[in-house]
Amino acid sequence: MKAADIRSTFLNYFASKGHQIVASSPVVPGDDPTLLFTNAGMNQFKDVFLGFDKRPYTRATTAQKCIRAGGKHNDLENVGYTARHHTFFEMLGNFSFGDYFKQDAIRYAWELLTEVFKLPADKLWATVYAEDDEAYEIWTREIGLPAERVVRIGDNKGARYASDNFWMMGDTGPCGPCSEIFYDFGPGVAGGPPGSPDEDGDRFTEVWNNVFMQFNRRVDENGNYVMDLLPRPSVDTGMGLERLARVLQGVETNYDIDLFVNLMAAAKREVELAGGVEVDAKSPSLKAIADHIRACAFTVADGVVPSNEGRGYVLRRIARRAIRHGYKLGARAPFFYKLVEALTAEMGSAYPELVAKQRRVTEVLKQEEERFFLTIANGMEILESALAALGEGKVLDGDIAFKLHDTYGFPLDLTADVLRERNLSVDEAGFNAAMARQREQARAAGKFKMAQGLEYKGEPTHFHGYEKLMVEDAKVTAIYID
Ligand code: ATP
Ligand code: MG
Ligand code: MG
Ligand code: MG
């Protein structure tokens, strides 16, 4: 089944169960400064869950454009290396606004997967929140899933990859216990079952999360997090379209599904044209490029331009990461922006904004790429010679990472991406110190000029984007676009 058919089958199934089909919202959340990018289908319904907004329906279903490249849900570093993570992906969801709850949600999910999509029931696993006996009983007694394949999982806060069956959109907002459905790709793929120490593999892949929205998490007057009960318990679910397609099409990774075939081929062709070296069709770098063109194109189509702060900076980081991967594969001239055409051909009918904005997206990405190509060769040379001088297990000097950032336009996570390929790391504290020093100097220079009565038009302009993006994930959701 093609991705386009999977998308429509999902929406039509829930429409047949009384759900209103609602269009995807933009990847840039309209009026939510706590969120960098739309990261789940529920985002556009946040106020409905909170009871602030009313809709003429109590059940909805969507295919939502999502980006997870910053903030609480940040998958940027996984992309290219796992079979299942993207920065941009489509999330299929069904929502109940105080209408049905756990029992119907689980029944719908099971019926759709096993009877409509005809997945073999014995390949499916479910997890429930450790304390959620109700969900556990529904899975084991009503659905009849054997107890060995129903796993209780607690809230594993802070663990980067470990399952966490308490879903939160960000540090604040609607949240609740969840029940996730996994597909077992079999012993040929590395990874253990959910809840096991090696669960972070591609064998047992989470396909669908059913969140039972019960709480609103907020900051109280004293600055502490508190959880209020929502007016009516609700349901929010999300299933990655690309992951379900991987299952249904029986292919090795998300990058082998029909939706990616042409894009991967276009990426290979353009990189080869820009460098004259043959590229391995399964290279992680090629996957990163094919992934990143989707994130970059959809982001620009929804109104963001590359810049040094906020959303524009996330866009820049993704674009530069893609370009660097192309450079690694041998590209020595702009190639990335050329992929907009293949992407529009592939996804333009589902997302007409790609067609409407194709020229602009191409132009914006071309400019960004041309600019970065002016410095990437010098930056890579500096990085290579610094790495050549590094001994085993040593850490790249923060001053060098800062110079790469400041002079050659290498965002810190780009440098980290290069280092990761060689099992090395970077001194982030040293990087931050170098950044702070430069800021101090800029400030002093500003004061000096003022004292001299030189032409001075306000505070020296320096941006805070890097600094903010470097704080730990949890805090990054609180970035406000300034
Ligand atoms: P994972 O544990 O695999 O990172 P998640 O638990 O973070 O996924 P949820 O927040 O539960 O994901 O999102 C709902 C669904 O969206 C997931 O079950 C998965 O199918 C899909 N999904 C989540 N993150 C990604 C991603 N980066 N790329 C593709 N699909 C994703
Ligand atoms: Mg995740
Ligand atoms: Mg998960
Ligand atoms: Mg999940």
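Every number for a ligand or one of its atoms is a count from 1 in the order of the listing. Numbers for residues simply follow the sequence, beginning at 1.
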Would one find an N or O of His85, backbone or side chain, under 3.5 Å from an N or O of ligand 1? yes

Proximal heteroatom of Glu180 relative to the Mg ion (ligand 4) (N/O/S): OE2

Interfacing atoms of ligand 1 (cut-off 4.0 Å, heavy-atom, Glu180): 6 (O), 11 (O)

Can you tell me if Asn94 and Tyr100 form a side-chain donor-acceptor pair at under 3.5 Å? yes

Are Arg243 and Phe89 in a cation-pi contact, defined as NZ or CZ under 6.0 Å from the six-membered ring centre and within 45° of the axis? no

Before signing off on this row, confirm whether Asn254 and ligand 1 have an N or O atom pair separated by under 3.5 Å. no

Contact (N/O only, under 3.5 Å) between His73 and ligand 1: no

Between Glu272 and Lys268, is there a side-chain N and carboxylate O pair less than 4.0 Å apart? yes

Backbone or side chain, does any N or O of Phe89 fall under 3.5 Å from an N or O of ligand 1? no

Among Trp167, Tyr129, Trp139, which one satisfies side chain to side chain contact (heavy atoms under 4.5 Å, CB included) with Ser179? Trp139

Taking only heavy atoms of Met91 into account, list the atoms of ligand 1 that are under 4.0 Å away from them. 13 (O), 14 (C), 16 (O)

Quick look: Trp208 vs ligand 1, heavy-atom contacts under 4.0 Å, and the answer is backbone

Structural part of Asn39 in contact with ligand 1, heavy atom criterion under 4.0 angstrom: neither

Take every heavy atom of Arg243, measure it against each atom of ligand 1, and state whether any distance is under 4.0 Å. yes

Compute the ring centroids of Phe37 and His73, then answer whether they are less than 6.0 Å apart. no

Closest to atom 9 (P) of ligand 1 by heavy-atom distance, out of Gln64, Arg68, Met239, Glu199, is Arg68

Check all N, O or S atoms of Glu206 and name the one closest to the Mg ion (ligand 3). OE1

Arg55 CZ: over 12 foreign heavy atoms closer than 6.0 Å: yes

In ligand 1, which numbered atoms sit nearer than 4.0 Å to a non-hydrogen atom of Gly238? 14 (C), 15 (C), 18 (O)

How about Leu241 and Ile6: do any of their side-chain heavy atoms sit closer than 4.5 Å? yes

Distance under 6.0 Å and angle within 45° of the ring axis: does Arg217 meet both against Tyr225? yes

If only side-chain N and O atoms count, and only distance matters, is there a donor-acceptor pair under 3.5 Å linking Tyr255 with Glu242? no

